[in-house]
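It should be emphasised that the depicted structure is a prediction, and the values quoted were computed from it without experimental measurement.
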Amino acid sequence: MTRRASRTAGWGLAAAAAGIAAWAWLGASAAGPGAVTHYVLDPAKSSLEFAFDQAGAQNKGKFTRFQVSFDFSPENPAAGRLEVTVEMSSADTGDQERDDTLRGADLFAAAKFPQAHYTATQFTKTATGYEAVGKLTLRGVTREVRVPFTFRTATEIGIAVGYMSGKTTLRRLDFGVGQGDWKATDQLGNDVGVSFALRLAAAAH
């Protein structure tokens with residue numbers, strides 16, 4: 001091999017080594033602090049509940065079928081993304097007649113609008129945790145909703161998990177939940193509290 005060929009080969013090896021080092025650095029950066037983890041719901045250990053006033057009495061209910069996808073890092077909340085889908089027909093207040101009314105055309109209209117969707121891409125750190133700002137589509141109406149929450153991570157049986165909990169208040173009439181006689185708020189309050197406690201497991205996209 002001539003000296004020129006040897007020098008050319010040396011440059012090629014140096015360039016390849018530099019490329020490998022760059023890829024290694026990028027990979028380390030992606031997996032380092034601030035890297036976003038993709039989480040999916042553990043439905044058996046999660047809850048989504050709501051509370052409302054009816055005829056002066058406080059009542060509670062829950063949704064038994066919902067899905068959550070959450071991309072998040074506590075060190076980099078601005079890179080987060082949250083998607084929630086709720087099956088409206090799964091509303092359960094423990095009273096069959098009331099549940100049928102809730103799912104009916106004047107309230108959830110679950111036959112026409114079977115799902116509610118919440119998507120958030122804005123996340124900020126707060127004094128008590130975090131806040132998500134996103135769009136909720138319920139009964140065909142989309143509005144901005146802010147959701148304060150706490151989030152902590154843990155490793156359980158070798159699996160990375162996240163625990164997310166929080167609550168917010170919605171005004172049902174803002175989404176058209178209440179037609180006919182149900183537009184009045186003397187028997188059914190306008191404010192509905194929504195609370196959640198979720199166990200999320202890290203998963204590949």
- Check: L138 main-chain N/O paired with T142 side-chain donor or acceptor under 3.5 Å: no

- So how far is it from M88 CE to L102 CG, rounded to the nearest 0.5 Å? 8.5 Å

- Message: Counting only heavy atoms from other residues, nucleotides and ligands, does the tally under 6.0 Å from NZ of K45 exceed 12?
- Response: no

- Query: Is the centre of the F50 ring less than 6.0 Å from the centre of the F196 ring?
  - Reply: no

- Item | Q187 CD to D53 CG distance, which is reported to the nearest 0.5 Å | 11.5 Å

- Check L41 against S46 and note the closest heavy-atom contact, atom names and distance. CD1-OG, 3.2 Å

- Nearest heavy-atom approach of N190 to L173 is OD1-N, 3.1 Å

- Message: If we ignore hydrogens and angles and just use 3.5 Å, is the side chain of N76 paired with the main-chain N or O of P74 as donor and acceptor?
- Response: no

- Item | Rounded distance (nearest 0.5 Å) linking atom CD of E156 with atom CZ of R199 | 4.5 Å

- Query: Distance-only, no hydrogens or angles: does the R81 side chain make a donor-acceptor pair with backbone N or O of A120 under 3.5 Å?
  - Reply: no

- Note on the structure: Minimal heavy-atom distance between Q58 and A51, with the atoms involved, is NE2-CB, 3.3 Å

- If only atom types and distance count, is the side chain of T168 paired as donor or acceptor with the main-chain N or O of R146 below 3.5 Å? yes

- Query: Quick one: does R65's side chain have a donor or acceptor within less than 3.5 Å of a partner on S89's backbone?
  - Reply: no

In residues 175-182, what donor-acceptor pairs under 3.5 Å come from side-chain atoms, sequence neighbours left out?
unit_1	atom_1	unit_2	atom_2	d
Q179	NE2	G176	O	3.0

- Message: Just verifying a value: how many Å separate T93 OG1 and K60 NZ, rounded to the nearest 0.5 Å?
- Response: 13.5 Å

- Message: What I'd like to find out is whether the side chain of T124 reaches to under 4.5 Å of the side chain of E131, using heavy atoms alone.
- Response: yes

- Task: Answer yes or no: is there a side-chain heavy-atom contact under 4.5 Å between D191 and R171?
- Result: yes

- Donor-acceptor contact present, side-chain S90 to main-chain T64, <3.5 Å: yes

- How many angstroms lie between CG in D71 and OG1 in T121, if you round to the nearest 0.5 Å? 11.5 Å

- Message: Strictly by ring pair (Phe, Tyr, Trp, His ring centres under 6.0 Å), give each pair with a member in residues 94-119 just once, sequence neighbours left out.
- Response: none

- Side-chain donor or acceptor of T126 paired with backbone N/O of G129 under 3.5 Å: yes

- Message: Could you see if F63 belongs to whatever hydrophobic cluster contains V192? Use Ile, Leu, Val, Met, Phe, Trp, Tyr and a side-chain cutoff under 4.5 Å.
- Response: yes

- Check ion pair K62-E49 (N to O, under 4.0 angstrom): no

- Rounding to 0.5 Å, atoms OG1 (T85) and CZ (F66) come to a distance of 11.5 Å

- Step through it carefully: locate the ring centre of F72, locate the ring centre of F123, and say whether they are under 6.0 Å apart. yes

- Item | Heavy-atom pair of closest approach, residues D99 and D92 | OD2-OD1, 3.5 Å

